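Remember, predicted model here, so these are calculated numbers, not experimental data.
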Amino acid sequence: MKNLSGSSKRTDLSLHWQKLDKAFYERSDVLEIARDLIGKILVTRFNGVTTAGRIVETEAYNGVTDKASHAYNGRRTRRTETMYARGGLAYIYLCYGIHHLFNVVTNVENIPHAVLIRAVEPLIGQATMLERSGKPAVHPTLTKGPGNMARALGIFTRHTGLDLTGNEIFMADDGYLPDPQQLMSTPRIGVDYAGADALLPYRFILLGSPFVSGKK
DNA sequence: CTGACGATTCACT
DNA sequence: GTGAATCGTCAGC
């Protein structure tokens with residue numbers, strides 16, 4: 001599907017994308033879902049204002065056996081309750097008192113798998129993203145890293161539990177396919193407390209994207 | 001009720 | 001490389 005004829009980028013994109021459905025999120029292999037999400041589009045639409053970006057970095061959290069997961073060992077609290085819902089809901093929590101981290105819940109009810117979306121490349125609504133972030137110009141730090149990304153897209157903890165097949169926050173496929181050579185897995189970021197599980201290759205990135213977090 | 005701390009980011013040395 | 005910011009959550013008393 002060829003498009004991107006100059007300035008009509010926005011229209012072309014919204015005409016051709018297809019919202020990801022429940023079946024996508026309810027699959028049992030969270031690693032596969034995390035990998036498949038690379039190249040998909042994350043969209044927010046609040047009060048008629050749309051912002052969207054192409055996902056370039058994700059991390060899988062593999063349920064009750066994963067020491068890095070909030071649901072490790074079946075841990076079930078008010079905060080993590082959403083992780084135990086059926087796939088396709090947003091799980092958003094506050095990190096370090098400042099950052100709102102956006103995850104998608106996967107698998108069926110009572111299996112608390114999730115994928116953290118860590119970075120996108122801005123596609124739609126850059127001006128809105130700049131307003132929200134208080135930044136003067138588009139720069140990789142606008143949507144690089146989970147805290148920055150959520151801020152630019154206007155995602156807050158109050159959106160936790162939202163159904164991602166709805167119209168406020170959703171993900172979509174516009175036919176873009178990442179170059180398999182650029183799709184890499186690495187250990188996850190910031191989960192040193194997880195011991196051996198911190199070494200698992202559960203992070204997926206689009207190699208070469210300036211929006212992928214971490215050092216160069 | 002209390003204290004410790006985090007799936008981070010940024011300013012500063 | 002180091003440390004501060006900042007607050008909801010959670011375990012423990």
Side-chain angles (χ1 to χ4, degrees), chain A residues 25 30-31 33-35 37-38 42 53 55-85 87 89-107 111-122 129-162 164 169 171 184-205 209-216:
Chain A
Y25 301 114
V30 69
L31 295 173
I33 296 173
R35 189 180 61 236
L37 283 173
I38 298 295
L42 174 58
I55 297 166
V56 295
E57 179 177 357
T58 63
E59 281 179 1
Y61 286 84
N62 195 21
V64 299
T65 60
D66 181 356
K67 283 193 177 129
S69 171
H70 291 167
Y72 174 61
N73 205 23
R75 198 152 160 276
R76 192 163 181 155
T77 67
R78 186 200 286 277
R79 179 181 65 157
T80 62
E81 190 59 29
T82 305
M83 295 186 80
Y84 290 82
L89 299 191
Y91 169 54
I92 302 157
Y93 70 95
L94 189 65
C95 188
Y96 292 97
I98 305 170
H99 308 291
H100 301 250
L101 270 56
F102 171 80
N103 301 251
V104 52
V105 175
T106 71
N107 213 312
I111 300 187
H113 289 181
V115 176
L116 171 67
I117 311 299
R118 292 188 54 90
V120 301
E121 298 191 356
M129 295 189 200
L130 291 174
E131 280 173 36
R132 290 172 176 154
S133 300
K135 292 183 176 171
V138 175
H139 179 271
T141 60
L142 182 61
T143 53
K144 173 204 288 238
N148 290 333
M149 184 204 78
R151 188 174 183 192
L153 294 177
I155 296 170
F156 297 94
T157 54
R158 67 169 177 273
H159 298 120
T160 202
L162 208 59
L164 298 179
I169 307 179
M171 300 205 259
M184 314 282 295
S185 64
T186 81
R188 293 169 293 186
I189 305 292
V191 296
D192 295 344
Y193 58 85
D197 287 354
L199 302 175
L200 297 170
Y202 284 4
R203 172 175 177 250
F204 296 88
I205 62 171
S209 168
F211 293 86
V212 169
S213 70
K215 21 179 162 181
K216 291 216 77 168

Report the base-pairing partner of B/dA7 (Watson-Crick or G-U wobble, both distances below 3.5 angstrom), or none. none
Base-pairing mate for C/dT6 - Watson-Crick or G-U, with both contacts under 3.5 Å: none
Assign [X] to base, sugar-phosphate, or nothing according to its heavy-atom contacts below 4.0 angstrom with the strands shown.
| X | result |
| --- | --- |
| A/L101 | sugar-phosphate |
| A/R79 | sugar-phosphate |
| A/N103 | base |

Nearest whole angstrom, please: distance from the [atom2] of [N] to the [atom1] of [X].
| X | N | atom1 | atom2 | value |
| --- | --- | --- | --- | --- |
| A/I98 | C/dA4 | CD1 | C1' | 9 Å |
| A/Y193 | C/dC10 | OH | P | 13 Å |
| A/E81 | C/dT9 | CD | P | 13 Å |
| A/H100 | C/dT6 | NE2 | P | 13 Å |
| A/H70 | C/dA11 | NE2 | C1' | 15 Å |

State, yes or no, whether a side-chain contact exists between [X] and [Y] at a heavy-atom distance under 4.5 Å.
| X | Y | value |
| --- | --- | --- |
| A/Y61 | A/E59 | yes |
| A/I169 | A/L42 | yes |
| A/T80 | A/P112 | no |
| A/F211 | A/R118 | no |

At the 4.0 Å heavy-atom cut-off to chain A, mark where contacts on DNA chain B begin and end, going 5' to 3'. B/dG6 to B/dC10
Expressed as a whole number of Å, how far does the P atom of B/dT2 sit from that of C/dT6? 22 Å
Rounded C1' spacing from C/dG3 to B/dC5 in Å: 15 Å
Regarding A/S133 and A/R151, do their side chains bring together a donor and an acceptor under 3.5 Å, going by distance alone? no
Report yes if a side-chain nitrogen or oxygen of A/R75 is closer than 4.0 Å to either non-bridging phosphate oxygen (OP1 or OP2) of C/dT9; otherwise report no.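 No, A/R75 has no side-chain N/O under 4.0 Å of OP1/OP2 on C/dT9.
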Is the backbone N or O of A/D197 less than 3.5 Å from a side-chain atom of A/R188, with the two atoms forming a donor-acceptor pair by type? yes
Say you draw a straight line from OG1 of A/T106 to CE of A/M83; how long is it, rounded to the nearest 0.5 Å?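 Interatomic distance, A/T106 OG1 to A/M83 CE, rounded to 0.5 Å: 8.5 Å.
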